[in-house]
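Before any comments, here is the structure.
Everything numeric here is computed off the predicted structure, so don't read it as measured data. Proteins get letters first, then strands, A, B, ... in listed order; numbering begins at 1 in each.
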Amino acid sequence: MKFYIKKERLIKSVQDALKAVAVRTTIPILVGIKFDADDRGVTVTGSDSDITIQSFIPKEEDGEELVEIVEPGSIVLQARFFSEVIKKLPELIVEITVEDQFKTIVRSGNAEYIILGLDAEEYPRLPIIEDGDHFSIPNDLLKSIIKQTVFAVSTSETRPILTGVHWMIEDSQLTAVATDSHRLAMKQATLQSEERNGKSHSIVIPGKSLNELLKVLDESNEPIQMTITNNQILFRAKNLLFFSRLLEGKYPDTSKLIPTDSKTIVKLNAKEYLEAVDRASLLAREGKTNVIKFTTMDDDMIEISSYSPEIGKVVENVKSISTEGEEIKISFNAKYMIDALRAIDGTEISIYFTGTMRPFIIRTDYDDSILQLLLPVRTF
Amino acid sequence: MKDSLEQLEIIQPLVMKRLKQALIKKRVSHAYLFEGLKGTGKKDVAKFFAKSLFCEQVIDGYKPCNQCIQCQRIESGNHPDVHVIEPDGASIKKDQILYLQQEFSKKGMESNHKFYMIVDADKMTGKAANSLLKFLEEPNAQTTAVLITERVQKILPTIYSRCQHVPFSPLPKKKLEQQLIEKGIKKEKAPLFAKLTNNIDEALSISEDDWFLQAEKIVLKLYEILSKQKLEDSLIYLHTTWNPHFKTREQLEKGLDLLLFIYEDLMFVQIGYEKELTYPDSLQLWRQGALQISKDLLLKKISFILEAKRRLQSNVNGTLLMEQLLINLQEGFTFV
């Protein structure tokens, strides 16, 4: 294998791939980054077996030559070391040559490194993606789907399936649900499917992978292509591929959890309400439970209070835009409420209660694709 | 792989037959417990098993080809769906099992099949063993576990009962000795090496190890000092010669083994089994020693050494352990 490449592009691609490389790994080959040179360009791959990031450097871009392939081939090079090396190279062009026994020569100007590589055959195989069965989704929509759900995944490993976000795709309609069994976040979106074969998918993507994906996605507004295979899901941006393994098992049926009727509807100014909850949670946080109390009063007023025997008490009244239905007194976890309100991100929100001991939902009138559900806390 | 498939079939005919049948009939169980003495080829068999499950061109329904990329990656430990857990230091920690659990909550990286192997499964801490239990109990589809142990009695009964047991029979001692002598090991030394391991290659490498030869001399000398019944001398010897040589826990364990064999030999001489000796060249010395000690006392001393070996597995100070042992051996009654 031998090719010449623009240093700047190589650094960027290696940086991207490096995001997937774990510091500690049980599979020795994964400390490396894989380089594949073929007649289209150079592919740089990094993986920690959960996620895999592939960055592609085409031969030419906008009429500018980026890579010159002399001889195609593959090699795996120690990731951290190699990324340090290329950053410090003197010239703008880097020459990479692989000789016998995976001996790799990195040359730039007068500097020459000889790096011992690893056999690329040993590197994990990525699923082969067939063309056709994919969906596409605008970059910013994908980001908001992730942001509005992923915070609600469970962090405990007792039920591993809950550490992921459940994506259901039916007729190009995506429903993403995350829950840790105390709260639930749901978001719906429409995807563009190039081939409408009516296949429905039900997959669970690890929350960690989605958080990583958020970091990798850039600001551009190009649509992201999504392909689902048996074991992995692939997100494809321009010149960047992100693979994530899926979680094993069946996600619990969440559709029955969401109440359809409501006895009390409270409409609030999101910002005022969030601030009030935040203030009350200061005190609630000190007590171990982080519980605050929500009470409807006369004249559309809402009382938000928290009481901690050791520290003290906080009471704040918030004026609601409208209050309909029965009076209600309910307690819930302040942190979960703050998370939910931040995820909704609207100026006005409505809370639908069905009783003190029943879960309640938070939505906004402006965007019916998002729904947040919270379980109340029993207090005495 | 150290041993080829054919060799494994000679060493462990029953085990190989069983696994072969399971593979051919596609009735691979979800968890196996490989139990047997050191050097009986447990790890090699487990590797063979993994390869057979993943190999792309299995020969005759069970033989891995050893050529394809799957086989090669299992051999080098780079297969993403094959996980090997080995003790991290003295024990297998809970984190390691947690890693396995996380790994198994996800779908396979390449295939739907997953394989994990826990080496020295008896060294799992209580917490680790209990967290393992959970997913031994509820295996996902197409997961195969192999637990490997030398001390099956230390495996939690709850784990034991959830695995299929595959006992590895040790190579007959005399046969191994014979083979060692053929390989050029002195006749007087062969019994000792045969006793330390069941694997010919390992025995040969021990026989060339300077550290070990030195250790053997030190242990024999210690016995001589002990038999003179002077506690001070033996304690001084412990500090001047023994401690600098037996530095790590593994080394200390080997030293205790060697010491144990001496007392075993004394026992053999007393009951007239002089052919079984581990150190046949010290026969005269043992005859002398055997006359000076009663059978009860000898048994007691052996149990002291066994007790010391057991304690070595927990967090003890090596020097204190040895001091205590020497005092016990000297006096013949329990100290502390």
Next item on the list: Could you grab the distance from atom CD of A:E121 to atom SG of B:C68, nearest 0.5 Å is fine?
Entry: 11.0 Å

Note to self: Surrounding CD of B:Q153 (heavy atoms of other residues, nucleotides or ligands, distance under 6.0 Å), is the total greater than 12?
What the structure shows: yes

Checklist line | Contact winner vs chain B - A:T26, A:L118, A:T52, heavy-atom pairs under 4.5 Å | finding: A:T26

Check: Near B:K43 NZ, under 6.0 Å, is it more than 12 heavy atoms from other residues, nucleotides or ligands?
Finding: no

Note to self: If I compare all heavy atoms of B:M109 with all of A:P124, which pair ends up nearest, and what's the gap?
What the structure shows: CE-CB, 3.9 Å

Notebook entry, point to check: Given side chains that start at C-beta, do those of B:R73 and A:I29 come closer than 4.5 Å, heavy atoms only?
Noted result: no

Margin query: Return the NE2 to CD1 distance between B:H79 and A:I27, rounded to the nearest 0.5 Å.
Written below: 9.0 Å

Next item on the list: Quick one: pull up CG in A:D119 and CD1 in B:I69 and give me the separation to the nearest 0.5 Å.
Entry: 6.5 Å

Note to self: Taking CZ in B:R162 as the centre, count heavy atoms belonging to other residues, nucleotides or ligands within less than 6.0 Å. Is the count above 12?
What the structure shows: yes

Note to self: Given heavy-atom pairs under 4.5 angstrom as the criterion, report whether the side chain, backbone, both or neither of B:Y99 touches chain A.
What the structure shows: side chain

Note to self: How about CZ on A:R80, more than 12 heavy atoms from neighbouring residues, nucleotides or ligands closer than 6.0 Å, or not?
What the structure shows: yes

Checklist line | Interatomic spacing from CZ in A:R125 to CD in B:Q70 - rounded to 0.5 Å | finding: 7.5 Å

Next item on the list: State, yes or no, whether a side-chain contact exists between B:K107 and A:N230 at a heavy-atom distance under 4.5 Å.
Entry: no

Check: What part of B:S111 is in contact with chain A, defined as an atom under 4.5 angstrom from a non-hydrogen atom: side chain, backbone, both or neither?
Finding: backbone

Note to self: Restricting to non-hydrogen atoms, name the atom on A:D50 and the atom on B:E103 that form the minimum distance, rounded to 0.1 Å.
What the structure shows: OD1-OE1, 4.5 Å

Note to self: Contact between B:K106 and A:S49 at the side-chain level, heavy atoms closer than 4.5 Å - yes or no?
What the structure shows: no

Check: Is the shortest heavy-atom distance from the side chain of B:N78 to the side chain of A:P28 under 4.5 Å?
Finding: yes

Notebook entry, point to check: Just wondering, do B:Q101 and A:P160 contact through their side chains at under 4.5 Å, heavy atoms?
Noted result: no

Margin query: Heavy-atom count check: over 12 atoms from other residues, nucleotides or ligands less than 6.0 Å from A:K208 NZ?
Written below: no

Check: Measuring heavy-atom distances to chain B, does A:T163 have an atom under 4.5 Å in its side chain, in its backbone, in both, or in neither?
Finding: neither

Checklist line | Region of A:Y123 in contact with chain B, defined by heavy-atom distances below 4.5 Å | finding: backbone

Checklist line | Min side-chain heavy-atom separation B:E75-A:E122 under 4.5 Å | finding: no

